[in-house]
Amino acid sequence: MNIKGIQQNIQIGELMKDFVEQTVQFYNTLDVQPVYRPASKAIYKYMEEQSIPAYGRPVQEVYSEMLQNIYTHAFLAQHPRSFACIPSTASLLSWMGDVMTNAYNPHASCQINAPIVDLVEKQLIRWMCSLANWIL
């Protein structure tokens with residue numbers, strides 16, 4: 001990998017560390033946050049006026065905008081006082097599993113792609129079927 005790619009990976013790694021810290025803090029205070037967090041008219045107008053840039057934007061800028069203007073103005077389906085039927089990551093543990101799976105992106109479509117992932121998936125399906133008294 002070239003130096004530019006390595007530097008970019010380091011920068012993204014630092015942003016990911018910051019994001020994890022912020023997310024843990026978010027979950028630690030989730031129960032005192034409002035379930036519904038609407039955007040102000042100013043934020044809505046600002047985001048509506050955004051266009052696709054001719055060139056990419058700095059990752060730090062996009063990261064900050066996501067945290068400040070997008071994630072902070074959403075219904076919190078994972079909130080303990082939310083009774084929505086929208087599936088979401090309900091805990092940090094399930095989020096960690098999502099992050100790990102997305103990072104490695106194993107595909108269990110067949111044994112040759114990821115043999116152990118395929119095995120675990122099949123074992124999980126058999127186990128869940130046994131809980132429901134289904135026979136495969």
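It should be emphasised that the depicted structure is a prediction, and the values quoted were computed from it without experimental measurement.
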Q) Which residues, ordered by chain and number, are linked to Tyr104 in its hydrophobic cluster, where ILVMFWY side chains connect at heavy-atom gaps below 4.5 Å, directly or through other members? A) none
Could you give the distance from [atom1] ([X]) to [atom2] ([Y]), rounded to the nearest 0.5 Å?
| X | Y | atom1 | atom2 | answer |
| --- | --- | --- | --- | --- |
| Leu124 | Cys129 | CG | SG | 9.5 Å |
| Asn9 | Gln7 | CG | CD | 10.5 Å |
| Arg126 | Glu121 | CZ | CD | 10.5 Å |
| Ile6 | Lys4 | CD1 | NZ | 13.5 Å |
| Gln60 | Asp18 | CD | CG | 7.5 Å |
| His73 | Met47 | NE2 | CE | 9.5 Å |

Joint hydrophobic cluster, [X] plus [Y], side-chain heavy atoms closer than 4.5 Å:
| X | Y | value |
| --- | --- | --- |
| Leu67 | Ile70 | yes |
| Val20 | Val62 | yes |
| Trp134 | Trp127 | no |
| Met66 | Trp95 | yes |
| Tyr71 | Tyr44 | no |

Q. Around Ile112, counting heavy atoms of other residues, nucleotides and ligands shown, do more than 12 lie under 6.0 Å from its CD1?
A. no
Q) Would one find more than 12 heavy atoms of other residues, nucleotides or ligands at under 6.0 Å from atom CE of Met16? A) no
Q.
To check you understand the geometry: which heavy-atom pair defines the closest contact between Thr101 and Pro106, and what is its length?
A. O-CD, 3.4 Å
Q) Any idea which heavy atoms bring Asn28 and Asp31 closest together, and the distance? A) O-OD1, 4.2 Å
Q. Should Glu48 and Lys45 count as an ion pair when the cut-off is N to O under 4.0 Å?
A. no
Q.
Can you classify the ring geometry of Tyr63 versus Phe19 as parallel (below 30°), tilted (30 to 60°) or perpendicular (above 60°)?
A. perpendicular
**Q.** Donor-acceptor contact below 3.5 Å, side chain Gln33 vs main chain Phe26
**A.** yes
Q) Less than 4.5 Å apart, any side-chain heavy atom of Tyr27 and any of Leu30? A) yes
Q: Please list, chain by chain and in numerical order, all residues satisfying salt bridge (Lys or Arg N to Asp or Glu O under 4.0 Å) with Lys41, sequence neighbours excluded.
A: none
**Q.** Residues Thr72 and Gln68: side-chain donor-acceptor under 3.5 angstrom
**A.** no
